[in-house]
Amino acid sequence: MAPLVLRTVAETAAWAESLRRSGRRLALVPTMGYLHEGHLSLMREGRRRADVVAASIFVNPTQFGPNEDLSRYPRDLEGDLARCASAGVEAVFTPVPAEVYPPGFQTYVDVMQVSQGLCGARRPGHFKGVATVVTKLLCLFKPHVALFGEKDYQQLQVIRALERDLNLGVDIVGMPTVREPDGLAMSSRNAYLSPEERHRALALSRGLSAARELCRNGTRESSALVGAVRRELEAVGLREDYVELVDATSLTPLSAVIPGQAARMLVAAFAGNTRLIDNQPIGD
Ligand code: PAF
């Protein structure tokens, strides 16, 4: 069935309130649209964890830097609504920017620590925009559960922190990255890649797998593991933005994988003008 399309904050608040009053559990999947299998996996998991799933489709201007791809971010609302229907989503909030940021808007959410390194250091203000819009969506829908992909691993940690620090009472669920059969992490931005860039982009997942394999064989030092990822990027001429081994929760850099401490390897690189990110757990 086609989802109910909610365009305003007022109608969304009323819809969510009547749902809660009926005693049903609500799952929310926030997105920027141009939905792919990764988003659909979140929606299907939402259906398993709640009675009703809602999604938002909003290309959030505050999380884009001045020279980023806000104006050309891929959009396909009609196709997205059909994909939402196929995944059992009952309502989709798809506001215009002025509905989310009306004149006089002046309140932002800034998660101080986990936002700092990695993408946060390279994209100033990005996580402030993400944290603000996600907080607004969680306050608007008051869902029981909200689902996000691990592909945006730092974003997931930022959202976990804001939910905890602001006592929002929402179960934040992170779901594994969905990959193309050849290993490329699914992303709406993959649509920007030429066939040749698409082929070179595989170096990110290949590099992460090489580092994991090296670690499985006993190499623990960050320099060697990071080096394994860099070699794959360099072999195909991808421009590195960062490659880092970090603690899986605090995202602080690690000099080595330590048994008993969950670690994660994160990579960001440019294929032409397209910035790609990927990550994998590493170690035990
Ligand atoms: O991951 C995304 O698509 C966005 O960053 C999110 C969480 C929907 C906030 O705009």
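Both counts, for ligands and for their atoms, begin at 1 and track the order of listing. For clarity, every value in this text was computed on a predicted model and none was experimentally measured.
Residues forming a side chain to side chain contact (heavy atoms under 4.5 Å, CB included) with Ile282 (at least two apart in sequence, or on another chain): Ala211, Arg212, Cys215, Leu225, Leu245, Val257, Ala263, Met265.
At a 4.0 Å heavy-atom cut-off, ligand 1 touches Thr31 through the backbone alone.
Looking at Met32, Lys136, His39, His126, it is Met32 that brings a heavy atom closest to atom 3 (O) of ligand 1.
At most 12 non-hydrogen atoms from other residues, nucleotides or ligands lie less than 6.0 angstrom from CZ of Arg47.
Heavy-atom contacts of Val133 reach the following atoms of ligand 1: 9 (C), 10 (O) (cutoff under 4.0 Å). Remark: ligand 1 atoms within the under-4.0 Å shell around heavy atoms of Gln63 are 4 (C), 5 (O), 9 (C), 10 (O). Close approach of ligand 1 to Gln155 (heavy-atom distance below 4.0 Å) involves ligand atoms 1 (O), 2 (C), 4 (C), 5 (O), 7 (C).
Between Asp241 and Arg123, none of the side-chain N atoms (NZ, or NE/NH1/NH2) sits under 4.0 Å from a carboxylate O, so this pair counts as no salt bridge.
Members clustered with Ile57: Val5, Val29, Leu35, Leu40, Leu42, Met43, Val53, Leu77, Leu81, Val89, Val92, Val145, Leu147, Val173, Met175, by chain and number, using a 4.5 Å side-chain heavy-atom cutoff among hydrophobic residues.
Judged by distance alone, the side chain of Tyr34 and the main-chain N or O of Arg189 form no donor-acceptor pair under 3.5 Å.
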